[in-house]
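Worksheet: one structure, shown below.
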Amino acid sequence: MNARWKPNVTVAAVVERDGRFLFVEERKPAGLLINQPAGHLERGESILAAVRREVLEETGYAFEPQHLLGIYLAPGPEDIAYLRFTFAGALGAHDPTRPLDEGIVGTLWLTPQEMRAQRARHRSPILEQCVDDYLRGVRYDLAILQTHPALAGGQGNT
């Protein structure tokens with residue numbers, strides 16, 4: 001066992017509008033894949049700030065997390081594992097002129113059935129589970145997340 005191993009901390013957003021869910025299409029070596037807006041927690045950043053930033057960078061939408069859907073441990077390539085904090089929330093203003101993160105081709109709004117029909121293009125093995133948890137009504141209060149004041153400018157769990 002590698003004593004230095006630790007999971008990569010990521011955040012993701014599940015956003016539903018009129019029965020459709022927001023996904024991003026991302027060009028990767030394996031092809032054009034779909035995922036929830038998601039990415040890595042950066043040094044000095046709270047988990048909530050990270051999900052707001054990632055949604056904005058990948059979709060051009062402001063995002064306000066309202067609930068934690070779950071904390072998922074998922075396999076990645078080789079000796080990597082992802083510890084993913086997934087949130088449900090509301091979209092705010094959209095800036096269609098904002099450049100999206102490198103590799104992001106655009107956004108898609110898919111029904112759960114359309115998402116399932118594209119399993120071969122799922123970037124994350126837990127993409128579908130996150131949507132299913134949302135549909136089952138799983139919701140946790142954001143107050144469960146705490147950030148030490150020395151991080152994120154003393155902004156608590158924001």
Side-chain angles (χ1 to χ4, degrees), residues 2 5-43 45-142 144-145:
N2 182 347
W5 178 88
K6 60 183 174 183
N8 288 274
V9 177
T10 62
V11 295
V14 172
V15 178
E16 185 262 341
R17 181 186 287 167
D18 300 325
R20 293 183 174 274
F21 290 85
L22 176 63
F23 295 95
V24 295
E25 274 190 304
E26 187 172 8
R27 192 166 310 284
K28 299 303 270 181
L32 195 57
L33 304 180
I34 61 173
N35 198 11
Q36 280 104 8
H40 292 268
L41 177 68
E42 294 182 358
R43 180 181 295 260
E45 184 175 51
S46 75
I47 293 169
L48 294 177
V51 73
R52 288 182 190 108
R53 176 185 51 76
E54 286 293 348
V55 173
L56 181 62
E57 290 176 353
E58 293 195 353
T59 70
Y61 282 99
F63 175 73
E64 189 54 42
Q66 297 170 325
H67 302 281
L68 177 68
L69 288 181
I71 302 168
Y72 306 83
L73 186 60
E78 300 175 21
D79 192 28
I80 296 175
Y82 295 103
L83 184 62
R84 184 194 228 206
F85 292 76
T86 302
F87 297 89
L91 290 182
H94 182 245
D95 180 357
T97 64
R98 182 184 174 88
L100 304 179
D101 269 358
E102 184 178 337
I104 302 292
V105 175
T107 59
L108 299 171
W109 288 92
L110 302 174
T111 66
Q113 297 76 18
E114 291 167 334
M115 172 202 62
R116 292 181 218 302
Q118 298 191 49
R119 271 191 194 114
R121 292 201 319 134
H122 290 185
R123 179 168 179 208
S124 171
I126 57 172
L127 179 148
E128 192 171 332
Q129 181 182 356
C130 293
V131 171
D132 289 343
D133 286 348
Y134 175 89
L135 291 170
R136 284 193 353 262
V138 174
R139 307 285 189 280
Y140 298 100
D141 192 291
L142 295 180
I144 196 169
L145 301 170

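Other residues, nucleotides and ligands contribute more than 12 heavy atoms inside 6.0 Å of the CZ atom of Arg116.
Leu32 and Glu25 make their closest contact through CD2-OE2, 3.5 Å (heavy atoms, listed as atom of the first residue, atom of the second, distance). Nearest heavy-atom pair, Leu69 versus Cys130, reported as atom, atom and distance to 0.1 Å: CD1-O, 3.9 Å. When every heavy atom of Leu41 is checked against every heavy atom of Ala50, the shortest pair comes out as CD1-CB, 3.7 Å. Contact between Gln118 and Ile34 at its shortest, heavy atoms only, is CB-CD1, 4.1 Å.
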CA sep, side-chain torsions, deciding dist, call: Val51, Phe63, side chain to side chain contact (heavy atoms under 4.5 Å, CB included): CA-CA 8 Å; Val51 73; Phe63 175 73; 4.0 Å; yes
Using the rule given for side chain to side chain contact (heavy atoms under 4.5 Å, CB included), can you reason through Val15 versus Thr59, listing the C-alpha separation, both sets of side-chain angles and the distance that settles it, and then say yes or no? CA-CA 12 Å; Val15 178; Thr59 70; over 6 Å; no
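In this structure, the separation between CD on Glu114 and CG on Leu108 is 9.5 Å, given to the nearest 0.5 Å. Note that the CD1 atom of Ile47 and the CG atom of Leu68 stand 8.5 Å from one another [nearest 0.5 Å]. With rounding to the nearest 0.5 angstrom, the CD atom of Gln129 is 9.0 Å from the OG1 atom of Thr86. The distance from atom CG of Asp133 to atom OH of Tyr72, rounded to the nearest 0.5 Å, is 3.5 Å. With rounding to the nearest 0.5 angstrom, the NE2 atom of His40 is 12.0 Å from the CD atom of Glu45. Between the OG1 atom of Thr107 and the CZ atom of Phe23 there is a distance of 11.5 Å, given to the nearest 0.5 Å.
A salt bridge (Lys or Arg N to Asp or Glu O under 4.0 Å) check over residues 92-112, counting only residues at least two apart or in different chains, returns nothing.
Applying the side chain to side chain contact (heavy atoms under 4.5 Å, CB included) test between Tyr82 and each of Ile126, Leu73, Asn8 identifies Asn8 as the sole match. Of the candidates Leu145, Val55, Val14, Leu145 is the only one forming a side chain to side chain contact (heavy atoms under 4.5 Å, CB included) with Phe87.
Side chains of Ile71 and Arg84 form no contact here, defined as non-hydrogen atoms less than 4.5 Å apart.
A donor-acceptor contact shorter than 3.5 Å links the side chain of Gln36 to the backbone of Leu127. The backbone N or O of Ala38 sits less than 3.5 Å from a side-chain atom of Glu58, completing a donor-acceptor pair. A distance-only check finds no donor-acceptor pair linking the side chain of Arg52 to the backbone of Pro65 [under 3.5 Å]. In this structure a side-chain-to-backbone donor-acceptor pair under 3.5 Å is missing from His67 to Val138.
Taking the salt bridge (Lys or Arg N to Asp or Glu O under 4.0 Å) definition, one finds that Arg17 meets it with nothing, sequence neighbours left out.
Both cation-pi conditions hold for Arg139 and Tyr134: the charged atom is under 6.0 angstrom from the six-membered ring centre and inside a 45 degree cone around its axis.
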